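Before any comments, here is the structure.
Not measured: the values here are computed from a predicted model. Every heavy atom of this structure was used, including side-chain atoms; hydrogens, water molecules and symmetry mates were not.
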Amino acid sequence: MNSSFTELLNRVAPDLLPSRRVPTGPAEGLTSHGTTIVSATFPHGVVMAGDRRATMANMIAQRDIQKVYASDEFSLVGIAGAAGLAVEMVRLFRVELEHYEKIEGAPLSLDGKANRLAALIRGNLGMALQGLAVLPLFAGWDLARDLGRIFSYDATGGRYEEKAFHSVGSGSIFARGSLKKLYRPDLDLQGCATVVVQALFDAADDDSATGGPDLMRGIYPIIMVAGPDGVHQLSDEEMTQITDRVIEGRRRRPDGPAADLV
């Protein structure tokens, strides 16, 4: 049996693949869009965070959407772009990894997982050309190399490994500028989580499609961590503490913390 679930599905029930359901007319406006995802490495793992807002044109479609998922025991995937297709792609990717492990009796390497996700994105090219692009961010703990790694993609399935940190989505340009200013390779988990929250805060400050912390409704960014002990999500209490510290700092410096010139 083929170790690829996607190829198996393509053979026995191709109509169930998202890439086979290409609309005949303009596809824009059929689904909400999600932004912004940020990820950064630290010596004992890699952190991925996403804001909670989904938009449809100038409307806020959802305030508490989940954009960061565990793809398996040691890797994470964050979604930006057409939200409905992105969530479906994440589910298919998770089944793809489980199917491979059951057939081969061993998990894929981190590079192998990144390649499988690239193939799924490539299969969605028809949708992307009609305005329903899905641009995930993939990160995980490489058991063979004993370090956290981050991969980004383009709409054609091109796979690119990023150094230290990266961001995707409409607010990514602002988030990446914030990460450039605040990131250091020797951060611990608490420091790395704080840096990605600062980056999301800066993205929400300048990009209307990115949501900031919603204090009235108690909606905060989701942060997940992949390390040598597996994947876990920071608790609501941890997120509240980090976010409260960031907001308290922003009250004193609305444009964010200062960084050294050199």
Do Phe5 and Ile103 have side chains that approach each other closer than 4.5 Å (heavy atoms only, starting at C-beta)? no
Other residues, nucleotides, ligands: >12 heavy atoms within 6.0 Å of Gln233 CD: yes
With ring-ring contact (aromatic ring centres under 6.0 Å, His included) as the test, would you mind laying out the steps for Phe93 and Phe138 before giving the verdict? CA-CA 11 Å; Phe93 182 48; Phe138 178 68; 5.8 Å; yes
Main-chain N/O of Asp111 paired with Asn115 side-chain donor or acceptor, under 3.5 Å: yes
Can a donor-acceptor pair be found, under 3.5 Å and without considering hydrogens, that links the side chain of Arg52 to the backbone of Tyr220? yes
Do other residues, nucleotides or ligands put more than 12 heavy atoms under 6.0 Å from Asp236 CG? no
Between Gln241 and Thr243 (side chain of the first, backbone of the second, donor and acceptor by atom type, cut-off under 3.5 Å), is there such a pair? no
Rounded to the nearest 0.5 Å, how far does CG of Asp72 lie from CD of Glu96? 12.0 Å
Spacing of NE2 belonging to His166 relative to CG belonging to Leu179, to within rounding of 0.5 Å: 10.0 Å
Between the CH2 atom in Trp141 and the CG atom in Asp229, the distance rounded to the nearest 0.5 Å is 9.5 Å
Give a yes or no on whether Leu143 atom CG has more than 12 heavy-atom contacts from other residues, nucleotides or ligands under 6.0 Å away. yes
Working to the nearest 0.5 Å, report the span between CD1 of Ile121 and CG of Leu135. 7.0 Å
Which atom pair, heavy atoms only, marks the closest approach of Val231 to Ala70? CG1-CB, 3.8 Å
Roughly how far, to the nearest 0.5 Å, is NE2 of His232 from CD1 of Ile223? 10.0 Å
Same hydrophobic cluster for Phe201 and Val38, using side-chain heavy-atom links shorter than 4.5 Å among ILVMFWY? yes
Could you go through Asp154 and Thr156, starting from their C-alpha distance and side-chain angles, then the distance that decides it, and tell me whether this counts as side-chain hydrogen bond (donor to acceptor under 3.5 Å, both in side chains)? CA-CA 6 Å; Asp154 61 30; Thr156 66; 2.7 Å; yes
Go through it in stages, so that I can follow the logic: the residues are Ser152 and Glu162, the test is side-chain hydrogen bond (donor to acceptor under 3.5 Å, both in side chains), and I'd like the CA-CA distance, side-chain angles, deciding distance and then a yes or no. CA-CA 7 Å; Ser152 66; Glu162 307 295 343; 2.5 Å; yes
Ignoring hydrogens and geometry, is there a side-chain-to-backbone donor-acceptor pair from Ser167 to Ile37 under 3.5 Å? yes
Is it possible for you to say whether Val246 and Ile222 belong to one hydrophobic cluster, with membership spreading through side-chain heavy-atom contacts below 4.5 Å? no
According to a 4.5 Å side-chain heavy-atom criterion applied to Ile, Leu, Val, Met, Phe, Trp and Tyr, with indirect links allowed, do Ile65 and Tyr69 form part of one hydrophobic cluster? no
Short question: side chain of Ser39, backbone of Val47 - any donor-acceptor pair under 3.5 Å? yes
I'd like to know if Val90 and Val134 are part of one continuous hydrophobic network [Ile/Leu/Val/Met/Phe/Trp/Tyr, side-chain heavy atoms within less than 4.5 Å]. yes
Give me the atom names and distance for the closest heavy-atom approach of Ala86 to Ile79. CB-CB, 3.6 Å
Inspect the contact between Arg53 and Asp214 and indicate whether a charged nitrogen and a carboxylate oxygen are less than 4.0 angstrom apart. no
For Asp207 against Ser170, the heavy-atom pair lying closest together: OD2-OG, 2.6 Å
SB check Arg251 Glu248 (cutoff 4.0 Å): yes
Flag, side chain of Tyr153 to backbone of Arg122, donor-acceptor distance under 3.5 Å: no
Arg245 atom CZ, over 12 foreign heavy atoms within 6.0 Å: yes
Heavy-atom nearest pair, Leu200 first then Thr36, reads CD2-O, 3.6 Å
Nearest 0.5 Å please: distance from the CG atom of Asp146 over to the NE2 atom of His44. 10.0 Å
Could you tell me whether Arg250 and Asp202 have a side-chain N and a carboxylate O separated by less than 4.0 Å? yes
